[in-house]
Amino acid sequence: MIQVIDVYKNFGQQGVLQGTNLTIDDGVITTIVGGSGSGKTVLLKTMIALLLPDRGQIAVDGTDITRLGQGPLNEIRKKFGFLFQGAALLDSMTLFDNIAFPLRERTRLGEDAIGGKVRERLEQVGLKDMGYKYPAEVSGGMKKRAGFARALVTDPEIVLFDEPTTGLDPLLGQSIHQLIAAMQDRLRFTGVIVSHDIPEVFTISHRVAMLADGVIADSGPTDEFVKSRNPAVRRFLGAEPPETERATSGTADTT
């Protein structure tokens, strides 16, 4: 569904993506992990051309979106839903109107049809009869659910999740993970999750890729990834001590 091909992205003198290659398979959930500041969110945003790479290609369903004009790019973006890290709800709108917003902006559906779709998504994410509330009146977990409902309301083929459990306690985070898995099983969208919530996010991931030093250090089915012998992966998962600790340990052993 998505191919990231030799992508480079710099911000001034800081190189973030340095020849990144990744294939996102159709109809499954792929989670991208990596250390803080490794460029996970930058990579996610290039997949929908919110950020354009300095070099390389992003192919969505075979189309290189880095070369498209605004009109064709907007058409490609209709394939996507995006759950932003902070949910990105508009404070001046009710939850109902936040979720309805993409339908009113991007479709010609009448208000009755829009209302039906919004109520359906609200119920599916556990917010039935909560559409009248404003973002300031609901909890962080409810905001995430409303943001997810908005991401799904246009029936996207691909849904991108930027740290969907940030700011939530472990139980709420687990409930969001379970909701993502349940909706993906029901709707069969292609999911891409950027997450620091390790290892909990692995329970819903079909595949995992690790970004380190601007490239994909390793990727594969989740059960294979967690057994990876790649040193960077093992250090990240805590199966192997950091280089400095090993060096210190080695020095201690020889004195």
Side-chain angles (χ1 to χ4, degrees), residues 1-12 14-32 38-90 93 97-109 113-114 117-118 121 146-164 180 183-184 187-195 207 209 211 214-216:
M1 181 60 76
I2 304 174
Q3 286 183 293
V4 178
I5 306 167
D6 201 28
V7 163
Y8 287 76
K9 183 63 180 179
N10 300 322
F11 294 94
Q14 181 184 7
V16 179
L17 304 179
Q18 300 294 297
T20 306
N21 291 278
L22 179 64
T23 296
I24 302 297
D25 291 340
D26 186 19
V28 301
I29 295 174
T30 299
T31 293
I32 301 171
S38 60
K40 303 184 296 296
T41 295
V42 171
L43 177 57
L44 194 72
K45 288 181 177 179
T46 63
M47 293 182 186
I48 196 172
L50 291 176
L51 290 173
L52 289 176
D54 300 326
R55 288 166 46 195
Q57 297 176 304
I58 304 289
V60 177
D61 207 13
T63 299
D64 181 4
I65 65 174
T66 66
R67 300 178 182 274
L68 295 181
Q70 196 60 48
L73 179 58
N74 286 337
E75 285 299 309
I76 291 286
R77 283 177 173 159
K78 291 179 180 179
K79 296 176 179 284
F80 288 85
F82 202 128
L83 178 55
F84 293 91
Q85 186 173 136
L89 300 177
L90 298 170
M93 292 184 178
D97 287 331
N98 266 283
I99 297 165
F101 187 76
L103 294 175
R104 290 170 175 158
E105 288 291 304
R106 293 161 47 183
T107 75
R108 296 184 178 181
L109 291 176
I114 288 173
K117 288 185 71 69
V118 171
R121 292 294 186 240
F148 190 22
R150 184 179 59 188
L152 293 176
V153 77
T154 57
D155 301 313
E157 298 175 40
I158 308 163
V159 183
L160 308 180
F161 301 85
D162 186 12
E163 302 281 10
I180 291 170
M183 293 305 293
Q184 195 275 335
L187 303 177
R188 297 297 177 182
F189 56 77
T190 299
V192 186
I193 303 176
V194 160
S195 182
R207 297 182 63 83
L211 187 62
V215 299
I216 298 298

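Positions are given from 1 along the sequence. The structure displayed is predicted, hence computed values, not measured ones.
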Legend entry - Donor-acceptor pair between Q18 and N10 side chains, under 3.5 angstrom: yes
Quick one: pull up [atom1] in [X] and [atom2] in [Y] and give me the separation to the nearest 0.5 Å.
X	Y	atom1	atom2	answer
R150	M93	CZ	CE	9.5 Å
T23	M1	OG1	CE	12.5 Å
L160	I158	CG	CD1	7.0 Å
I32	L44	CD1	CG	6.0 Å
I58	L68	CD1	CG	12.0 Å
I2	D26	CD1	CG	10.0 Å

Any side-chain heavy atom of [X] sitting closer than 4.5 Å to one from [Y]?
X	Y	answer
N21	I5	yes
L211	L17	yes
V159	L187	no
D25	T190	no
I24	M47	yes
V194	Q85	no

Inset, instruction - Write out all pairs satisfying ring pair (Phe, Tyr, Trp, His ring centres under 6.0 Å) with one or both partners inside residues 40-83, taking only residues at least two apart or from two chains. - result: F82-F84
Legend entry - Check against salt bridge (charged side-chain N to carboxylate O under 4.0 Å, His left out), R104 and D97: CA-CA 9 Å; R104 290 170 175 158; D97 287 331; 2.9 Å; yes
Inset, instruction - Starting from the C-alpha separation in whole Å, work towards a yes-or-no answer on side chain to side chain contact (heavy atoms under 4.5 Å, CB included) for V4 and I216. - result: CA-CA 10 Å; V4 178; I216 298 298; over 6 Å; no
Legend entry - Backbone of I48 reached by a side-chain donor or acceptor of R77 within 3.5 Å: yes
Legend entry - Any donor-acceptor pair under 3.5 Å from R121 side chain to L152 backbone: yes
Determine the minimum heavy-atom distance between [X] and [Y], stating which atoms define it.
X	Y	result
G19	V215	O-CG1, 3.9 Å
P156	A151	CG-O, 3.2 Å
N98	P102	O-CD, 3.6 Å
L83	G147	CD1-C, 3.5 Å
T66	G56	OG1-O, 3.9 Å
I99	A146	CG1-O, 3.7 Å

Legend entry - salt bridge (charged side-chain N to carboxylate O under 4.0 Å, His left out): pairs with one or both residues in residues 60-76, sequence neighbours excluded: D61-K79, D64-R67, E75-K78
Inset, instruction - Over 60° means perpendicular and under 30° means parallel, so classify the ring planes of F161 and F189, tilted if in between. - result: tilted
Legend entry - Set of residues satisfying side chain to side chain donor-acceptor pair (under 3.5 Å) with respect to K117, sequence neighbours excluded: D155
